[in-house]
Amino acid sequence: MPLVGAGPGAADLLTLRALRLLGEADVIVHDRLVPAEVLEMARRDARRIYVGKVRSHHCVPQAEINALLVRLAREGMKVVRLKGGDPFIFGRGGEEKEAVEAAGLVCEVVPGITAALACAAQAGIPLTHRDAARSLTLVTGHTREGRLDVNFASLAQPGQTVAVYMGVTTLPALFAGIVAAGGDPSQPAAFIERGGTSRQRVLRGSFAEVARQAQGWVEDGPALLLLGEACARGGLPLAAAAEEQASTAP
């Protein structure tokens, strides 16, 4: 049974292997972030089962998703577990793979373009740059037992790009933690909503500015924070971006 990465949302960023498996599937078990355009590329008569999650609300608990995948596969169905982005980057793909293999089934993982890659590419921001960022750190902004479970001292180090997934509600706490650990509040940042799609939006500014504005700026889409000197290397300069945002504000 394959765990397939659907990518960031644009159907033409789906891999050829993912497209082939969608065409062969009897059943597609999919997440909230898999768009209709990608589902439409599946076999017309394939059954679609939605198991999406929205900020701490899971319509189907993870244990039930695992059991569902195993049951469908044992019934002889060709099952595709279709996940937004990449299955192994903050997508619980590792847990699902373990559950499937524990049931004695074979599990193939098909990578997808993850949000950090798609957001940065479309915004023109290099995630690594030999003059600005020599490492890349992917972090979840999701809370664990009500608190951010991250190493603030590590994220405060210069010379890197930090990509924070699922950090809309915890961005103020993330900002406070990084600055308290010695991070520079004036370093460039970009907050990107609906990355990798035709509806991508980018809020640029200093880390302090973005942290202050982001929660009022974001709309209904998933959002990702990019932080570090490389954020000033791509797209519009920070000042020009701020002017553009001001000129288009309602």
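Note that the structure is predicted; figures quoted are calculated from it, not measured.
Listed by first and then second residue, the side chain to side chain donor-acceptor pair (under 3.5 Å) pairs that reach into residues 170-184 are D184-S186, sequence neighbours excluded.
Using a 4.5 Å cut-off on side-chain heavy atoms (C-beta onward), V60 and I49 make no contact. Inter-residue side-chain proximity for L3 and C107 is flagged as met; some heavy-atom pair is nearer than 4.5 Å. Contact check for R47 versus L72: side-chain heavy atoms found under the 4.5 Å cut-off.
Atom-to-atom distance recorded for L148:CG and L171:CG is 9.5 Å, nearest 0.5 angstrom. In this structure, CZ in R204 is found 9.0 Å from CG in L226, a value given to the nearest 0.5 Å. Here L227 contributes atom CG and L155 contributes atom CG; the two are 8.5 Å apart, rounded to the nearest 0.5 Å. Interatomic distance, R92 CZ to N66 CG, rounded to the nearest 0.5 Å: 9.5 Å.
Within a 6.0 Å sphere centred on CZ of R20, heavy atoms belonging to other residues, nucleotides or ligands number more than 12. Counting heavy-atom neighbours within 6.0 Å of R17 CZ, excluding the residue itself, gives a total of 12 or less.
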Exercise. Hey, mind stepping through R194 and D220 against side chain to side chain contact (heavy atoms under 4.5 Å, CB included) and telling me if it holds?
Worked result: CA-CA 9 Å; R194 295 188 291 266; D220 61 339; 2.7 Å; yes
Problem set entry | side chain to side chain contact (heavy atoms under 4.5 Å, CB included) between L68 and V29, worked out | CA-CA 9 Å; L68 173 66; V29 181; 4.2 Å; yes
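Partners of F191 by ring-ring contact (aromatic ring centres under 6.0 Å, His included), not counting sequence neighbours: none found. Taking F175 as the reference, F207 meet the ring-ring contact (aromatic ring centres under 6.0 Å, His included) condition, with sequence neighbours excluded.
Of all heavy-atom pairs between V70 and A103, the closest is CG1-CB, 3.6 Å. Scanning both residues, I28 and L82, for their nearest heavy atoms gives CG2-CB, 3.9 Å.
A distance-only check finds no donor-acceptor pair linking the side chain of R81 to the backbone of I65 [under 3.5 Å].
E229 has no carboxylate O lying under 4.0 Å from a charged side-chain N of R233, or vice versa, which leaves the two without a salt bridge.
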